[in-house]
Amino acid sequence: MTAGRATATTPVDSEAIPLAQPVLGSEEEERVLEVLRSGRLSLGPMLGVFERAFAARIGVAHASAVSSGTAGLHLALRAVGVSDGTEVVTSPFSFVASANVAVYERARPVFADIDPVTLNLDPDAAAAAITDRTAALMPVHIFGYPADLPAFERLAPPIVEDACEALGAVHADGMAVGARGHPAVFGFYANKQMTTGEGGIITTADAGHKERIDSERNQGRAPDMGWLDHDRLGFNYRLSDIACALGLAQLGRLDDMLAARAAVADAYRAALAGIEGLDLPCPDAGGNRRGWFVFVVQLPRGVDRDACVRELATHGIPSKPYFPAVHLMTYYREQFDHREGEFPVCEDVAARSIALPFFPQMTEGQVARVGEALRRVLQPAHRA
Ligand SMILES: Cc1ncc(COP(=O)(O)O)c(C=O)c1O
């Protein structure tokens with residue numbers, strides 16, 4: 001459906017398909033009930049049990065559970081030394097939290113353009129953005145595709161990985177995303193590969209980082225300190241034991257959920273094959289493996305995206321522009337004087353992207369319905 005061809009088509013099927021949906025079962029209920037019955041709802045034993053299970057799953061020494069992915073990114077930046085007046089080089093094609101966490105510390109988020117294929121921060125562009133004020137590099141494993149960490153590791157600044165979308169992803173060298181030892185942050189919001197409702201976790205190989213993060217998530221209190229004794233500034237970024245119980249149960253079904261997401265992605269590739277000008281998520285290449293999170297496509301150039309979203313909705317199919325470029329958001333334009341044209345690859349991709357319904361329980365029939373509807377919207381010849 002190009003501009004001027006945005007007429008509504010006859011709905012294929014009016015039964016709405018959700019955009020995302022968690023998988024929850026009796027294991028989750030049992031684990032949560034266990035915590036409720038114990039009476040230890042926060043800072044209880046489930047926190048450590050969940051953290052150790054998650055660290056073992058990734059293959060890294062430490063994990064610290066926190067109240068959100070954003071909280072985790074904030075603490076991870078502090079742990080590597082981001083502070084007032086420093087800079088954090090990151091991607092403008094991400095969820096806004098990746099940049100916001102630098103601003104929390106009065107540091108400046110410095111954006112660099114993305115790779116047009118993987119949509120991840122381009123290491124050459126990041127290298128060119130480094131200055132003597134750069135305190136951290138924050139690659140984002142966008143849509144679960146591994147960022148080129150070996151390339152970033154050749155650059156000098158400390159790395160914090162935004163892995164909020166990348167649970168289950170694997171680097172070309174076989175190492176799980178989150179296992180390289182830099183602080184890496186995963187998110188557990190309800191649309192993620194696994195969920196605790198809200199929540200996040202930081203993995204790291206550095207015991208010093210773990211100690212500082214654990215203290216700062218709990219108002220700056222060291223584990224051996226008395227109640228209400230605080231030796232540094234901290235926050236309330238704790239994850240409750242109830243949420244950790246949910247996380248432990250979700251971790252137990254993670255492989256099945258990841259496999260189901262990958263199967264839905266395969267079905268989408270088949271359903272959307274051959275639509276001219278439509279860009280699909282890049283296939284795994286060079287040994288990198290995506291941890292499937294969302295199915296985001298870039299519409300052909302010249303298509304009226306808003307009209308396309310509206311027309312899909314008439315078929316009971318929700319879709320969302322995803323992501324808008326961070327540097328062009330009102331706050332970032334006003335605070336940091338950004339404008340169009342600074343990061344052309346990101347801006348082109350952001351202007352054409354939509355997220356389609358995507359969740360592990362999605363049936364082949366539902367995927368086919370989305371594919372057929374999108375084909376009708378984009379290729380008028382296929383209209384009934
Ligand atoms: C790339 C990215 N970074 C950070 C976050 C923030 O995570 P949360 O919503 O758990 O704070 C998200 C979550 O949606 C994300 O997708």
Side-chain angles (χ1 to χ4, degrees), residues 19-22 50 54 63-78 82 88-105 109 111-112 114-115 118-121 136-147 149 152 159-169 177-178 182-203 213 217 235-240 243-244 246-247 250 261 281 290-296 320-327 329 331-332 346 349-350 353-355 358-359:
L19 198 56
Q21 206 173 43
F50 176 50
F54 193 88
S64 295
V66 287
S67 54
S68 68
T70 308
L73 291 171
H74 184 196
L75 295 186
L77 284 190
R78 287 172 61 90
V82 170
V88 177
V89 175
T90 192
S91 172
F93 189 63
S94 184
F95 185 56
V96 69
S98 313
N100 281 352
V101 290
V103 183
Y104 294 172
E105 290 300 315
F111 299 112
I114 59 170
D115 180 279
T118 65
L119 312 186
N120 280 325
L121 184 61
L137 270 175
M138 192 201 281
V140 183
H141 304 281
I142 205 72
F143 306 151
Y145 196 80
L149 262 291
F152 292 111
I159 293 172
V160 167
E161 300 177 44
D162 183 340
C164 282
E165 303 188 348
L167 185 54
V177 163
H182 321 286
V185 182
F186 296 87
F188 298 144
Y189 181 67
N191 65 344
K192 295 295 194 298
Q193 288 92 342
M194 62 167 265
T195 185
T196 57
E198 296 279 358
I201 204 162
I202 305 153
T203 54
I213 287 165
R217 77 176 164 190
F235 307 85
N236 178 357
Y237 283 168
R238 296 185 299 265
L239 190 67
S240 76
C244 289
L246 198 47
Q250 288 270 288
R261 281 182 186 268
R290 189 187 295 268
W292 279 99
F293 164 53
V294 281
F295 201 90
V296 173
K320 272 194 184 155
Y322 193 79
F323 283 114
V326 177
H327 66 288
M329 292 179 182
Y331 176 80
Y332 281 90
C346 165
V349 168
S353 289
I354 59 169
F358 189 72
F359 47 94

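These numbers come from a predicted model, not from an experiment. When a ligand or atom number is given, it counts from 1 through the structure's own listing order.
Residues lining ligand 1 at a heavy-atom distance below 4.0 Å are given as S68, G69, T70, L73, S94, F95, A97, S98, V140, D162, C164, E165, K192, G199, ordered by chain and residue number.
Remark: L73 CG to E161 CD distance equals 11.0 Å, nearest 0.5 Å. Remark: I142 CD1 to R290 CZ distance equals 10.0 Å, nearest 0.5 Å.
Across every non-hydrogen atom of R261 and W292, the tightest pair is CD-O, 2.9 Å.
Checked against the 6.0 Å centroid criterion, the rings of F93 and F111 do not qualify as a close aromatic pair. Residues F152 and H182 place their aromatic rings such that the two centres sit no closer than 6.0 Å.
The side chain to side chain donor-acceptor pair (under 3.5 Å) analysis of residues 187-200, with sequence neighbours excluded, yields no pairs.
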